[in-house]
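It should be emphasised that the depicted structure is a prediction, and the values quoted were computed from it without experimental measurement. In this chain, residues are counted from 1 in sequence order.
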Amino acid sequence: MVKIIADSTCDLSPELLKKYDISVLPLHVLLGEKEYFDGVTITPGEIFAWAESNKKAPKTSAPALDDAIELFRPYVKAGQEIVNFSIADGMSSSGNIMRMAARELNAEAQIFVVDSANLSTGIGLLVIEAALMAQNGHSAAQIVEKMEEIKPRVRASFVVDTLMYLYRGGRCSGLSALAGSALKIHPKILVSDGKMSPDKKYRGSMRRVVTAYAHDLEEQLKMAETDRVFITHSGCSDEVVGNVRAYLEQLHVFHEILETTAGGVVSCHCGPGTLGILFISKD
């Protein structure tokens, strides 16, 4: 059976990773001079605490080449094909590290790398589809071909509670961050073609903002593939998440409504209180 591997930005829960037999290659999180493995030796809560204490932006980096080689090696030796998923190539060199590992192992005919052109559970949606195909006996080439067909139909967006992490990471100006904080502005960020771009701006409490954001997606949600939808967040309250879940349930569209917590890399750039609704469109 084809082995499915994703980098840690896929933000799938341990339960989902186990259910679909998915292995993870962790990116690195840098807090000052200290380096950690995303999802292994650091948690989002620890990242937020460090950032607030130091008033600095956490940094991230791609997986180590040696770690990728060691993760791939046993599957290559066993003669298995591997399909790997990376965060958008424009956001990280994670995919290139995977390709380099394939060359180092002389296994380019066995190891396939999919540039997800996405992040977080925008990747996770693809990974689960690939894992289901692998379980059903499809070849790596067949899986990759299907993933390329699905990629443009992944709908990934999120709203942020604070602009300070985007500002500290160089993704918005200081003036915008200060104005946003004073006016309680919460931008919607779209992920498309491997890039993040600002969309609608919401104002008010995150409880109201998230509800409005979910309602604005209604027409798209009604045109989604019905298998699953993700609510992915970085430490939102149970009330906020529960309101979104209740709204999705009353649409009667999805067979599964999956809740996951954003991992360290995504949390580094978006900050606490971020929430996204992610799904695959029918067209």
Is there a chain of hydrophobic side chains (I, L, V, M, F, W, Y, each step under 4.5 Å between heavy atoms) that links Leu278 to Phe158?
yes
For Gly264 and Asp38, which heavy atoms make the closest approach, and how far apart are they?
N-OD1, 2.8 Å
Can Val40 be reached from Ile47 by stepping across I, L, V, M, F, W or Y side chains whose heavy atoms are under 4.5 Å apart?
no
Any donor and acceptor pair, going by atom type alone, linking the side chain of Lys59 with main-chain N or O of Cys268 inside 3.5 Å?
no
Glu148 side chain reached by Val114 side chain, heavy atoms, under 4.5 Å
yes
Could I get the full list of side chain to side chain donor-acceptor pair (under 3.5 Å) partners for Ser94, not counting sequence neighbours?
Asp7
Quick one, Ile5 and Phe72 - any side-chain contact, counting heavy atoms below 4.5 Å?
yes
To the nearest 0.5 Å, what is the distance between CG on Leu119 and SG on Cys270?
7.0 Å
Answer yes or no: is there a donor N or O on one side and an acceptor on the other, between the side chain of Asp11 and the main chain of Ala262, under 3.5 Å?
no
Common cluster, Met147/Val24, ILVMFWY with side-chain heavy-atom separation under 4.5 Å:
yes
Before giving the answer on side-chain hydrogen bond (donor to acceptor under 3.5 Å, both in side chains), spell out for Ser13 and Thr260 the whole-Å C-alpha distance, their side-chain angles and the decisive distance to 0.1 Å.
CA-CA 6 Å; Ser13 66; Thr260 65; over 6 Å; no
Examine Val113 and Ile150 and state if one hydrophobic cluster contains both, with Ile, Leu, Val, Met, Phe, Trp and Tyr joined whenever side-chain heavy atoms are less than 4.5 Å apart.
no
Stepwise, does the side-chain hydrogen bond (donor to acceptor under 3.5 Å, both in side chains) test hold for Thr121 with Thr232?
CA-CA 7 Å; Thr121 46; Thr232 300; 2.7 Å; yes
Is it the case that the ring center of Tyr36 lies less than 6.0 angstrom away from the ring center of His28?
no
When rounded to the nearest 0.5 Å, the distance separating OG of Ser92 from CD1 of Ile97 is 8.0 Å
I'd like to know if the side chain of Ser53 reaches the main chain of Ala49, judged simply by a donor and an acceptor atom lying under 3.5 Å from each other, with no hydrogens or angles considered.
no
Can you name the closest pair of heavy atoms from Tyr75 and Ser23 and give their distance?
OH-OG, 3.7 Å
Validation row: Val127, Leu12 side chains within 4.5 angstrom (heavy atoms):
yes
Can any side-chain N or O of Ser116 pair as donor or acceptor with the backbone N or O of Ser86 at less than 3.5 Å?
yes
Hey, are Lys18 and Glu15 close enough for a salt bridge, meaning a charged N less than 4.0 Å from a carboxylate O?
no
Under the side chain to side chain contact (heavy atoms under 4.5 Å, CB included) criterion, do Ile277 and Leu221 qualify, and how do the steps go?
CA-CA 9 Å; Ile277 298 173; Leu221 290 164; 4.1 Å; yes
If only atom types and distance count, is the side chain of Gln220 paired as donor or acceptor with the main-chain N or O of Leu217 below 3.5 Å?
no
Rounded to the nearest 0.5 angstrom, the CG-CZ distance for Leu248 and Phe230 is 12.5 Å
Measure the shortest side-chain to side-chain distance between Phe112 and Ile143 over non-hydrogen atoms and say whether it is less than 4.5 angstrom.
no
Mark yes or no for whether His186, through its side chain, and Val160, through its backbone, hold a donor-acceptor pair below 3.5 Å.
yes
Atom of Leu30, atom of Ser61 and distance for their closest heavy-atom approach
CD1-OG, 3.7 Å
Donor-acceptor pairs are to be reported for all side-chain atoms of residues 233-241 against protein atoms at under 3.5 Å, with residues two or more places apart or in another chain.
{"unit_1": "His233", "atom_1": "ND1", "unit_2": "Gly235", "atom_2": "N", "d": "3.3"}
{"unit_1": "His233", "atom_1": "ND1", "unit_2": "Cys236", "atom_2": "N", "d": "3.1"}
{"unit_1": "His233", "atom_1": "NE2", "unit_2": "Glu259", "atom_2": "OE2", "d": "3.0"}
{"unit_1": "Ser234", "atom_1": "OG", "unit_2": "Gly271", "atom_2": "O", "d": "2.7"}
{"unit_1": "Ser234", "atom_1": "OG", "unit_2": "Gly273", "atom_2": "N", "d": "3.3"}
{"unit_1": "Ser234", "atom_1": "OG", "unit_2": "Thr274", "atom_2": "N", "d": "3.0"}
{"unit_1": "Ser237", "atom_1": "OG", "unit_2": "Val240", "atom_2": "N", "d": "3.1"}

Applying a strict under-4.5 Å side-chain criterion to I, L, V, M, F, W and Y, I'd like to know whether Val144 and Ile128 cluster together.
yes
Using a 4.5 Å cut-off on heavy atoms from C-beta on, say whether the side chain of Met133 contacts that of Val2.
no
Can you check whether Asp115 reaches Arg99 side chain to side chain, under 4.5 Å on heavy atoms?
yes
Can you confirm whether Lys56 sits close enough to Leu31 that some side-chain heavy atom of one is under 4.5 Å from a side-chain heavy atom of the other?
no
Is atom CG of Asp193 surrounded by more than 12 heavy atoms (other residues, nucleotides or ligands) closer than 6.0 Å?
no
Anything under 30° is parallel, anything over 60° is perpendicular, the rest tilted; go ahead and classify His215 against Tyr247.
tilted
Within a reach of under 6.0 Å around CZ of Arg245, are more than 12 heavy atoms found that belong to other residues, nucleotides or ligands?
yes
Sub-4.5 Å side-chain heavy-atom contact between Ile111 and Met98
no
Is a side-chain N or O of Asn118 found less than 3.5 angstrom from the main chain of Ile123, in a donor-acceptor match?
no
CG (Asp161) and CE (Met206) are apart, to the nearest 0.5 Å, by 5.0 Å
Please say whether more than 12 non-hydrogen atoms of neighbouring residues, nucleotides or ligands are located less than 6.0 Å from CE in Met1.
yes
Separation between NE2 (His255) and CG (Asp227), nearest 0.5 Å, reads 6.0 Å
Taking NZ, NE, NH1 and NH2 as the nitrogens, is one of them in Glu129 or Arg228 under 4.0 Å from a carboxylate oxygen of the other?
yes
Using atom types as modelled and distance alone, determine if a side-chain donor or acceptor of Glu225 lies under 3.5 Å from a backbone N or O of Phe279.
no
Is the backbone N or O of Glu46 less than 3.5 Å from a side-chain atom of Thr43, with the two atoms forming a donor-acceptor pair by type?
yes
Between atom OG of Ser8 and atom CD1 of Ile87, what is the distance when rounded to the nearest 0.5 Å?
8.5 Å
